[in-house]
Engineer: 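The following block contains the structure, expressed as structure tokens.
Values in this document were obtained by computation on a predicted structure and should not be read as measured data. Remember, it's 1-based here, ligands and their atoms both numbered in the order they're listed.
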Amino acid sequence: MIKEARLTINMDSLAHNYNTLRSKINPDTTLIAVVKANGYGNDGARIAQELSKLGATYFAVAYAKEGKILREAGIKNPLMVFYPQLEQLEQIIEYLLEPVLYNLEISNAFISLLKEKNIKNYPVHIKCNTGLNRIGFSLENLDSFFKKVNTPLIHIKSVYSHLGFSENPKPCAFTKKQFDTFELIKSRVKELCTSPPKFHILNSSGVFNYPEHQLDAVRIGIALYGFANNPEWNKSLRPIAKLSAPICQIHFIKKGESVGYNQGWIATKESRIGIIPLGHADGIGRQYGNSVGKVNVLGQTVTIIGNVCMDMLMIDLTSVDCPLGTEAIIFDQKFTASDFTASANTISYEILTSLSPRIQRVYI
Ligand SMILES: *Cc1c(COP(=O)(O)O)cnc(C)c1O
């Protein structure tokens, strides 16, 4: 019997995913374990410690603060920061994090700081834009980067790019163009660099869709947590997290009565409804309300009714005979976060990373 909402994280499943992914890539390809956004909601420090025990040697986060948390949790491995911001550069050096340089402004600021501190050979990575058009140097301004910024103060460990549509079935003209552009970048970088860096371009679905492009490293996030953005690829992985909560109140509602704010749901017949202590403040957004999201109670699928409140949501229990305190499963290994989010037209990434810290994490 569970007594409050909780996210149960299965460390055996994490190990299964890590080992499965490790076996899909070449022994000499580095697996960069992406533990940004608090380890996709699962607790970044805890996940990184476990992955480190399993043999992971390289980690990545989005922002410097996340790197600091991992360092404080005892993670000593190289740690990339994908999207360092100007305010975070001091922190990057303080915690020996490896920044990704993605434009001239951030590169110049970082190099000035190294000069000021008299630091040489600091490990950095270079991000290139091959079509996602988010951040990074494009092929056209790579030369000016190397002309202006390449100094003995930095050591360029890797040059990488990011796919925009890695889960799209092959052949995909857009992705092919990204790979082709990255090949041009690779040749140019090899000409410009005295000691050639490592190259990488694949994320989780990329590893499944394009194993032949794994190069020197792959950056794996969501697949460690059990998803690969395709039902077929998902089969080899195990979702590591289960979100569940006890039904903490049951009401009998007469036909015509309403449930929740703004009379979001009106009973068309005598009904039995259950209240669950999870709301939009916990990361279950309002888009799941009004009969969009489904949860699982004693093996039966029931509907979220009315508007999701800040701390609570309501389900229609009319067809399920269950006592107060029964566990309602929002998602688990069978009824996955991917299934749950599909109902509201979003993706597993979003719900996992939105789960608020007030949800108790339990590790098994
Ligand atoms: C988040 C991120 C990844 C991991 O992507 P997944 O799809 O979760 O594997 C890889 N590379 C970059 C640059 C990212 O921002």
Engineer: Within the distance-only criterion (no hydrogens, no angle test), does the side chain of T318 pair as donor or acceptor with the backbone N or O of R272 below 3.5 angstrom?
Structural biologist: yes
Engineer: Does Y160, backbone or side chain, put an N or O under 3.5 Å from an N or O of ligand 1?
Structural biologist: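 No, since none of the N or O atoms of Y160 sits under 3.5 Å from an N or O of ligand 1.
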Engineer: Which pairs of donor and acceptor atoms, one on a side chain in residues 244-258, lie under 3.5 Å apart (sequence neighbours left out)?
Structural biologist:
{"residue": "S244", "atom": "OG", "partner": "E327", "partner atom": "OE2", "Å": "2.7"}
{"residue": "E257", "atom": "OE1", "partner": "K254", "partner atom": "N", "Å": "3.0"}
{"residue": "S258", "atom": "OG", "partner": "Q263", "partner atom": "NE2", "Å": "3.4"}

Engineer: Which heavy atom of the protein is the closest neighbour of atom 11 (N) of ligand 1, given with residue, atom name and distance?
Structural biologist: R219 NE, 2.8 Å
Engineer: Take V149 and F110 through the side chain to side chain contact (heavy atoms under 4.5 Å, CB included) test and state the conclusion after the steps.
Structural biologist: CA-CA 10 Å; V149 176; F110 191 66; over 6 Å; no
Engineer: How far is atom 13 (C) of ligand 1 from its nearest protein heavy atom, and which residue and atom name does that atom have?
Structural biologist: Y83 OH, 3.5 Å
Engineer: Return the residue, atom name and 0.1 Å-rounded distance of the protein heavy atom closest to atom 7 (O) of ligand 1.
Structural biologist: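 The protein heavy atom lying closest is Y349 OH, 2.6 Å.
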Engineer: Do me a favour and list the nearest non-hydrogen protein atom to atom 9 (O) of ligand 1 with residue, atom name and distance?
Structural biologist: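 Minimum-distance protein heavy atom for atom 9 (O) of ligand 1 reads S204 OG, 2.5 Å.
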Engineer: Are the aromatic rings of F82 and Y63 close, with centres under 6.0 Å apart?
Structural biologist: no
Engineer: Mark yes when over 12 heavy atoms from residues, nucleotides or ligands other than E270 sit less than 6.0 Å from its CD; otherwise mark no.
Structural biologist: no
Engineer: Determine which pairs satisfy side-chain hydrogen bond (donor to acceptor under 3.5 Å, both in side chains) with at least one residue from residues 273-290, sequence neighbours left out, and list them in order.
Structural biologist: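 As it turns out, the side-chain hydrogen bond (donor to acceptor under 3.5 Å, both in side chains) pairs with a partner in residues 273-290, which skip direct neighbours, are D282-R358, N290-N307.
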Engineer: If the cut-off is 4.0 Å to any non-hydrogen atom of K36, which atoms of ligand 1 fall inside it?
Structural biologist: 1 (C), 2 (C), 3 (C), 14 (C), 15 (O)
Engineer: Looking at Y40, which atoms of ligand 1 are within less than 4.0 Å of one of its heavy atoms?
Structural biologist: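 Selected atoms, number and element: 1 (C), 4 (C), 5 (O), 6 (P), 8 (O).
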Engineer: In this structure, which one of H162, Q178, K177 forms a side-chain hydrogen bond (donor to acceptor under 3.5 Å, both in side chains) with T130?
Structural biologist: Q178
Engineer: Does any N/O atom on G221 come nearer than 3.5 Å to any N/O atom on ligand 1?
Structural biologist: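 Yes; the residue has a nitrogen or oxygen that sits under 3.5 Å from a nitrogen or oxygen of the ligand.
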Engineer: Could you tell me, atom by atom, which parts of ligand 1 come under 4.0 Å of a heavy atom of I222?
Structural biologist: 6 (P), 7 (O), 8 (O), 9 (O)
